[in-house]
Amino acid sequence: MTPTRSSSPPSLLGVFGHPDDESLLAGGVLAQHAAAGAATAVVTATWAPDSHRADELADALAILGAGKPRMLGLADARVPESAPGRPRLCDAPLDEVVEGIVEHIRAVRPQVVITHDAYGQLTGHSDHVRTHQATVIAFHAAGLEHRYPQAGTPWQPAALYAATHPHAGVGKLGALLTAVGKKVLSVPDEHVTATVDVTAWSEQKMAAILAHRSEAARQRSLPGILTRLSAPARESIIATEFYTRLDAAPGPVGQRQLTV
């Protein structure tokens, strides 16, 4: 499908591994689209709907204008107690995870789906990788009437994007992550098909990040790292978002919006 430009932004559904990923990776674009009147929503793969992280997610989504939490309720790979009685996302059958995402795609009926890149973002978290894998399959399956018929009426989104970081876009964030012992897995610059300046929404995006209070209080988490920075240093990191379109041939580097 060939991307086309439109005067109004498309509706969005973000599918991410953990509460806070939506704000860190796509908070600017979610806020941008919501401000323009587009419908936006977020699916979160891990943590139970009655957990403290779910409450924080609800606050963050309210700030971004992205509706109420939609949670698959699986356990975080590193925090099994995040969803008592449920398997970890990385242990759950892939087909079951895909079906859960398909159900939300068909319910929301977005034009664009956003998820993690194939690395699982800069740090390569296994939950991010699993979410990427399941979302890519779900994107295509959602439009097929004989796949997951119990998950609702088929709906085929027009575009699938991965939130990512090009080599040239890592900047100061790379040093901050390596300083706390984390990986930095960026992609070649030419893989980026949309570079979005979200400066106008960076204050809103940061407020959503800070709404994840338990993460902001941690020393090694990205919300915690950002919390300890000066406002200018923080904005230099969060004011640009990068995306790779996965369902079509790469487009021009520097595109300023997500298209369908």
Side-chain angles (χ1 to χ4, degrees), residues 14-30 42 44-47 53 60 76-79 88-90 114-136 160-199 201-202 205-206 208-210 212 214-246 250 253-255 258:
V15 185
F16 298 106
H18 310 107
D20 80 1
D21 292 333
E22 80 297 325
S23 300
L24 291 164
L25 300 173
V29 159
L30 286 166
V42 170
T44 307
T46 65
W47 287 79
R53 295 289 301 274
D76 186 316
R78 299 172 185 170
V79 192
R88 299 188 307 166
L89 171 62
C90 57
I114 300 172
T115 190
H116 300 279
D117 65 15
Y119 280 140
Q121 280 9 101
L122 290 173
T123 61
H125 196 298
S126 60
D127 286 339
H128 296 174
V129 174
R130 188 66 157 180
T131 303
H132 165 86
Q133 294 166 343
T135 304
V136 170
L160 175 64
Y161 285 87
T164 194
H165 283 84
H167 299 328
V170 172
K172 298 176 182 178
L173 180 57
L176 292 169
L177 292 173
T178 55
V180 294
K182 292 183 180 286
K183 298 177 183 177
V184 179
L185 305 175
S186 54
V187 303
D189 295 356
E190 59 269 24
H191 284 207
V192 172
T193 48
T195 299
V196 186
D197 181 355
V198 296
T199 301
W201 296 273
S202 60
K205 176 178 176 176
M206 192 63 211
I209 292 170
L210 292 176
H212 293 281
S214 59
E215 288 299 290
R218 296 177 58 224
Q219 293 294 306
R220 295 183 68 250
S221 72
L222 185 50
I225 292 170
L226 292 173
T227 298
R228 298 191 298 273
L229 297 179
S230 67
R234 183 189 300 159
E235 181 158 324
S236 70
I237 291 172
I238 69 170
T240 305
E241 294 176 359
F242 305 97
Y243 298 90
T244 298
R245 185 161 181 173
L246 300 179
V253 174
Q255 181 180 311
L258 305 191

Taking all non-hydrogen atoms of both residues into account, name the closest pair between [X] and [Y] and its distance.
X	Y	value
Ala60	Glu22	CB-OE2, 3.8 Å
Val198	Thr240	CG2-N, 4.2 Å
His167	Ser186	ND1-OG, 2.6 Å
Leu246	His132	CD1-CE1, 3.9 Å
Thr227	Arg234	O-NH2, 3.4 Å

Pairs under 3.5 angstrom only: tabulate donor-acceptor contacts from the side chains of residues 169-177 to other protein residues two or more places apart or in another chain.
none

Test side-chain contact (heavy atoms from CB on, under 4.5 Å) on Tyr119 and Thr164; report intermediate values, then the result. CA-CA 9 Å; Tyr119 280 140; Thr164 194; 6.0 Å; no
Mind checking the CD-OG spacing from Glu235 to Ser230? Nearest 0.5 Å is all I need.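 If we round to the nearest 0.5 Å, Glu235:CD and Ser230:OG are 10.5 Å apart.
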About how many Å separate CG of Leu210 and CD of Glu215, when rounded to the nearest 0.5 Å?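 Rounded to the nearest 0.5 Å, the CD-CG separation comes to 12.0 Å.
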How are the rings of Tyr161 and Tyr243 set to each other: parallel, tilted or perpendicular (split at 30° and 60°)?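 The rings of Tyr161 and Tyr243 stand perpendicular, inter-plane angle above 60°.
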So, His116 versus His125, ring centres under 6.0 angstrom or not?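 No, too far apart.
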Checking side chain to side chain contact (heavy atoms under 4.5 Å, CB included) against Ile114, which of Leu30, Val29, Val15, Leu25 comes through?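 Of the listed options, the one satisfying the test is Val29.
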